[in-house]
2 protein chains.
Amino acid sequence: MRKMQNLSKNQQIIFDLIDKSPEPLKAYSILFNVQKRGIKAPLQVYRALDKLVEIGKIHKIESRNAFIACQNSSCQISKATAFSICESCEKVTEINNSNLSKYLTSFKDKNGMKYNKYNLEFFGLCKKCISKKS
Amino acid sequence: MRKMQNLSKNQQIIFDLIDKSPEPLKAYSILFNVQKRGIKAPLQVYRALDKLVEIGKIHKIESRNAFIACQNSSCQISKATAFSICESCEKVTEINNSNLSKYLTSFKDKNGMKYNKYNLEFFGLCKKCISKKS
DNA sequence: AGTTAAATTGTTATAATATAACATTTTGTA
DNA sequence: TACAAAATGTTATATTATAACAATTTAACT
């Protein structure tokens, strides 16, 4: 069976919501927003989220328990993710920097472990929030 | 008031438990383990964990919702953390690699954001688990 | 078209993780 | 000794996530 490109109904509903959101969405906020579209239970949301993460359409921001759409059109599977997070306004942006990804993908520590995946979260203040404070 | 070096009673109890554990501990597992020592409520555990994270004695492994003692004696505040996580046995090790930390601490993306903190989690198979599979 | 296996969905209940709110006590030091 | 900050104790509740089971849909292959 050739890999389906299309999302299922629930997956599509939830992806659309996340994709048009300017900020990461949390699972129960998603649930609340899709109840009018017939998705009633947390598990329906979590199952769609799991699948979307697995196929790389969305990423989980671990430190926030929230989900954002993949910004990187070529990113089919999310084995190498990096984000910048503003600690003031909570804006999250996916970092797409080939120097960084090359460095981390080829990184080898002395423990002899072979890495096949990484997730990196940078924290700081975004431009807007820096200017607000000064 | 000069910064206290010593931990409070609850902080010490919880730090000792985490520090002697070979693996990351979860909050409710900690709670269960310290009940005999008089800590009865989740909030008592979370408050101690928050403080210990803040002062850099422990780190939170975000992808696992678990806590490990800082392996790096010089790490008083945890602004730059990196871990390797075995996806088979769940062993977690703090990575202490100056090349990596220099690279990431000085990393600047094109978005103009100033980072003051990062957390990096590598996933893969540890040596033991690689040999088990082959 | 009919068969089949995998994927998805629906549903109820419950587990696991984390914080709010408020009162009290301890600690370090001015 | 009085004050402010930090830590503690306690009850209740909010938030995040999964278990278990049944039914339906999908897509590849006869």
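To find a chain, count down the sequence lines: A is the first, B the second, and so on, and within it residues start at 1.
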Next on the checklist: I'd like to know if A/Lys117 pairs up with B/Glu87 as an ion pair, taking the criterion as any Lys NZ or Arg NE/NH1/NH2 lying under 4.0 Å from an Asp or Glu carboxylate oxygen.
Outcome noted: yes

Round to a whole Å and report the spacing from [atom1] of [X] to [atom2] of [N].
| X | N | atom1 | atom2 | value |
| --- | --- | --- | --- | --- |
| A/Gln44 | D/dT18 | CD | P | 16 Å |
| B/Ile13 | D/dT8 | CD1 | P | 9 Å |
| B/Arg47 | D/dT10 | CZ | C1' | 9 Å |
| A/Glu62 | D/dT15 | CD | C1' | 16 Å |
| B/Lys9 | C/dT27 | NZ | P | 10 Å |
| B/Phe67 | C/dA16 | CZ | P | 16 Å |
| B/Phe32 | C/dA15 | CZ | P | 16 Å |
| A/Ile39 | C/dG10 | CD1 | P | 7 Å |

Phosphate OP1/OP2 of [N] contacted by [X] side-chain N/O (<4.0 Å):
| X | N | answer |
| --- | --- | --- |
| A/Tyr46 | D/dT18 | no |
| B/Lys26 | C/dT17 | yes |
| A/Asn65 | C/dT17 | no |
| A/Ser8 | C/dA7 | no |
| B/Lys40 | D/dG9 | no |
| B/Asn10 | D/dG9 | yes |

For the aromatic rings, using the six-membered ring if either is Trp, is the centroid distance between [X] and [Y] under 6.0 Å?
| X | Y | result |
| --- | --- | --- |
| B/Phe122 | A/Phe107 | yes |
| A/Phe123 | B/Tyr118 | no |
| A/Tyr103 | B/Tyr103 | yes |

Next on the checklist: Please compare B/Lys60 and A/Gly38 by the position of their nearest nucleotide in DNA chain C and report the one closer to 5'.
Outcome noted: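 Its nearest nucleotide being more 5', the pick is A/Gly38.
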
Item to check | Under-3.5 Å donor-acceptor pair between B/Tyr28 side chain and C/dA15 base | outcome: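 No, no donor-acceptor pair under 3.5 Å.
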
Checklist entry - Are A/Ile68 and A/Phe15 co-members of a hydrophobic cluster defined by side-chain heavy atoms under 4.5 Å apart? => result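 As far as the 4.5 Å side-chain criterion goes, A/Ile68 and A/Phe15 are not connected within one cluster.
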
Checklist entry - Taking for each residue the nucleotide of DNA chain D bearing the nearest heavy atom, is the 5' side occupied by B/Ala41 or by B/Gln11? => result B/Gln11

